[in-house]
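Some notes on the structure that comes next.
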Amino acid sequence: SGQVKSLPDTLGGRMEFLGRNDASQQLIPNIVYNQLVLKNQSKKIVGDEEKTNGETRNLTVLDSLIMEDSTLFTTFWLGIQPADVHAKASVRNTATYRGTKYVVMNSEESSQDLDGNGSFSRLKIDNPLGVDVINGGGFDIRESLVLRQGELRNSTENNFKLADSSEIVRYTGASLANVPQFGSNISVRYRGSGEMTASNEMPKDSATIRTLDVENTGGISLSRNVTANDSIIVKGDIRTSSDTLTLTSNNDPIFSDDMESEIHGTFRRNHIESGDTLIFNNPYTYAYFRDSIALKAIRDFAMTVTPGEYPQLPQGQDKVLRALTLMAWDSE
């Protein structure tokens with residue numbers, strides 16, 4: 001119980017914080033540890049006292065970070081503003097990590113292991129050699145999973161869950177080996193430089209995705225039909241190929257400020273009302289039904305927009321170099 005002060009910048013061996021009183025707190029100095037064990041009921045709070053050139057240092061663990069039993073490990077505490085927690089080797093979590101900062105798995109020398117049935121508020125994978133989910137996995141991520149670099153190697157036997165209303169952020173150069181267990185209302189975001197093909201970070205269930213946010217410079221290509229139920233942000237092109245991107249809400253897609261990004265392929269909207277201007281594949285392409293007489297029984301409306309192709313019609317080559325196909329479905 002109690003606190004520790006004046007530890008060296010780097011501490012070898014194995015350091016255990018074992019406070020048992022659930023009404024008390026233990027401050028964990030933000031230094032470099034070899035092994036760090038956090039156990040029992042008292043709250044374990046990441047400190048912010050150690051600075052380098054005025055910047056708060058990351059609490060860093062070189063060998064293994066272990067969170068066990070009913071402990072709460074947190075970066076969220078009144079008056080304290082710590083940095084991310086850096087894990088350079090294995091992470092085992094059978095307890096709870098909570099906070100506004102990330103647990104970052106960022107070794108550059110070898111792959112890392114991740115296991116346990118605990119929970120993380122925020123987890124970031126930033127290891128070019130990848131991270132392996134082992135021993136059945138079973139942990140959940142409550143707010144945000146960032147795939148910054150390398151592959152997070154999960155499987156049906158060694159998996160994890162993204163909780164309701166969480167997000168998954170994938171950068172170019174990062175990937176997810178298998179489909180995780182998804183809660184509801186998941187946001188999927190793409191970042192970085194270069195093109196990507198949507199893969200296992202994309203839920204298959206049409207009711208699961210809340211927001212699809214594409215802001216990587218090369219955009220994404222869809223590998224299957226995708227449905228967003230609240231919003232779509234298009235600041236890098238979305239290419240649907242033979243698949244369909246569907247938006248179920250009445251929120252128009254948001255395009256980049258330079259108006260150059262767009263959806264290449266089929267974009268379907270199934271919240272159709274008269275008197276509304278419905279934006280489709282780019283900021284300049286829309287549909288408008290003046291009144292209920294014009295709308296009639298139309299329930300869904302879709303446009304397939306293919307830049308760089310002439311319409312397949314007589315004298316199509318004399319038209320704008322952009323093919324458009326319009327489709328509508330009635331209430332039956």
Side-chain angles (χ1 to χ4, degrees), residues 3-4 7-20 25-50 56-77 80 82-154 158 160:
Q3 311 303 325
V4 295
L7 293 178
D9 290 342
T10 300
L11 192 64
R14 178 181 175 100
M15 184 69 174
E16 300 182 349
F17 288 84
L18 305 177
R20 295 179 180 275
Q25 304 84 37
Q26 287 187 300
L27 189 69
I28 315 301
N30 54 317
I31 62 172
V32 177
Y33 298 88
N34 181 51
Q35 285 188 329
L36 178 62
V37 178
L38 308 165
K39 191 174 180 179
N40 300 325
Q41 293 90 336
S42 68
K43 300 173 183 66
K44 313 300 191 293
I45 304 162
V46 179
D48 64 353
E49 290 186 356
E50 302 299 325
T56 301
R57 294 176 56 186
N58 303 99
L59 188 158
T60 301
V61 185
L62 301 179
D63 182 88
S64 53
L65 171 61
I66 301 169
M67 295 165 272
E68 293 186 333
D69 300 331
S70 54
T71 200
L72 170 63
F73 184 39
T74 183
T75 55
F76 181 73
W77 202 255
I80 299 177
D84 290 337
V85 174
H86 286 185
K88 302 294 184 179
S90 64
V91 173
R92 177 172 175 78
N93 180 8
T94 59
T96 300
Y97 168 77
R98 184 182 300 161
T100 58
K101 302 299 180 179
Y102 285 86
V103 172
V104 185
M105 300 186 70
N106 61 349
S107 173
E108 296 183 354
E109 299 178 355
S110 62
S111 63
Q112 295 172 258
D113 291 338
L114 172 61
D115 74 323
N117 59 1
S119 68
F120 297 89
S121 289
R122 296 168 178 257
L123 178 67
K124 182 183 293 186
I125 306 302
D126 194 9
N127 182 339
L129 300 174
V131 171
D132 296 287
V133 180
I134 63 170
N135 297 329
F139 58 89
D140 61 60
I141 297 170
R142 295 290 179 177
E143 295 179 18
S144 179
L145 169 64
V146 175
L147 303 172
R148 186 66 180 83
Q149 188 178 195
E151 183 177 43
L152 177 55
R153 289 183 286 268
N154 61 324
N158 297 284
F160 64 94

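Count residues from 1 along the sequence. What you are looking at is a predicted structure, and each value in this text was computed from that prediction instead of being measured.
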Open item on the list: Please enumerate all residues that pass side-chain contact (heavy atoms from CB on, under 4.5 Å) together with Ala89, with sequence neighbours excluded.
Closed with: none
Task: With Asn93 via side-chain hydrogen bond (donor to acceptor under 3.5 Å, both in side chains) - residues at least two apart - done: none
Task: Test ring-ring contact (aromatic ring centres under 6.0 Å, His included) applied to Tyr102 - qualifying residues, sequence neighbours left out - done: none
Task: Non-hydrogen side-chain atoms of Lys124 and Asn106 separated by less than 4.5 Å - done: no
Task: pair Pro29-Leu7: side-chain heavy atoms closer than 4.5 Å - done: yes
- [ ] Take Val32 and Lys88 through the side chain to side chain contact (heavy atoms under 4.5 Å, CB included) test and state the conclusion after the steps.
- [x] CA-CA 10 Å; Val32 177; Lys88 302 294 184 179; over 6 Å; no
TODO: With sequence neighbours left out, write down each residue that passes salt bridge (charged side-chain N to carboxylate O under 4.0 Å, His left out) with Glu50, or none if nothing qualifies.
DONE: none
Open item on the list: Whether the Ser64 and Gln35 side chains hold a donor-acceptor pair (N or O, under 3.5 Å, no angle test) is what I'd like checked.
Closed with: yes
Task: 4.5 Å side-chain heavy-atom contact, Thr75 and Tyr97 - done: yes
Task: Step-by-step side chain to side chain contact (heavy atoms under 4.5 Å, CB included) determination, Leu59 to Tyr33 - done: CA-CA 8 Å; Leu59 188 158; Tyr33 298 88; 3.9 Å; yes
Task: Shortest non-hydrogen separation from Ile45 to Ile80 and the atoms involved - done: CG2-CD1, 4.0 Å
- [ ] Please confirm whether the backbone N or O of Gly136 pairs with a side-chain atom of Asn158, one donor and one acceptor, at under 3.5 Å?
- [x] yes
Task: salt bridge (charged side-chain N to carboxylate O under 4.0 Å, His left out) against Asp126, all qualifying residues, sequence neighbours excluded - done: none
Open item on the list: Under the rule for salt bridge (charged side-chain N to carboxylate O under 4.0 Å, His left out), what residues qualify as partners of Arg20, not counting sequence neighbours?
Closed with: none
Open item on the list: Is it true that, when you exclude Glu16 itself, more than 12 heavy atoms of the residues, nucleotides or ligands shown sit nearer than 6.0 Å to its CD?
Closed with: yes
Open item on the list: If the condition is side-chain contact (heavy atoms from CB on, under 4.5 Å), which residues does Asn34 pass it with, not counting sequence neighbours?
Closed with: Leu62, Asp63
TODO: Decide yes or no for Asn58 and Val104: does some side-chain heavy atom of the first lie under 4.5 Å from some side-chain heavy atom of the second?
DONE: no
Task: Ser107: side-chain contact (heavy atoms from CB on, under 4.5 Å) partners, not counting sequence neighbours - done: Glu109, Ser110, Gln112, Asn127
Open item on the list: Going by side-chain hydrogen bond (donor to acceptor under 3.5 Å, both in side chains), name the residues that satisfy it together with Ser42, two or more places apart in sequence or in a different chain.
Closed with: Lys44
TODO: Name all residues meeting the side-chain hydrogen bond (donor to acceptor under 3.5 Å, both in side chains) criterion together with Glu143; count only those two or more places apart in sequence or in a different chain, and write none if there are none.
DONE: Arg122
Task: Side-chain touch Phe17/Thr71, heavy atoms, less than 4.5 angstrom - done: no
Open item on the list: For Asp113, give me all partners under side-chain hydrogen bond (donor to acceptor under 3.5 Å, both in side chains), at least two apart in sequence or on another chain.
Closed with: none
- [ ] Would you name the heavy atoms of Gln41 and Ser70 that are closest together and state the gap between them?
- [x] CG-OG, 3.3 Å
Task: Donor-acceptor under 3.5 Å (Gln25 side chain, Gln3 main chain) - done: no
Task: Test item: Thr60 side-chain N/O and Val85 main-chain N/O as donor-acceptor pair under 3.5 Å - done: no
Open item on the list: Taking side-chain contact (heavy atoms from CB on, under 4.5 Å) as the definition, give me every residue that meets it alongside Asn154, ordered by chain and number, with sequence neighbours left out.
Closed with: Val133, Asn159, Phe160, Leu176, Ala177, Asn178, Pro180
Open item on the list: Counting only heavy atoms not in Arg142 (residues, nucleotides, ligands), do more than 12 fall under 6.0 Å from its CZ?
Closed with: no
Open item on the list: Is the shortest side-chain heavy-atom distance between Val131 and Val91 below 4.5 Å?
Closed with: no
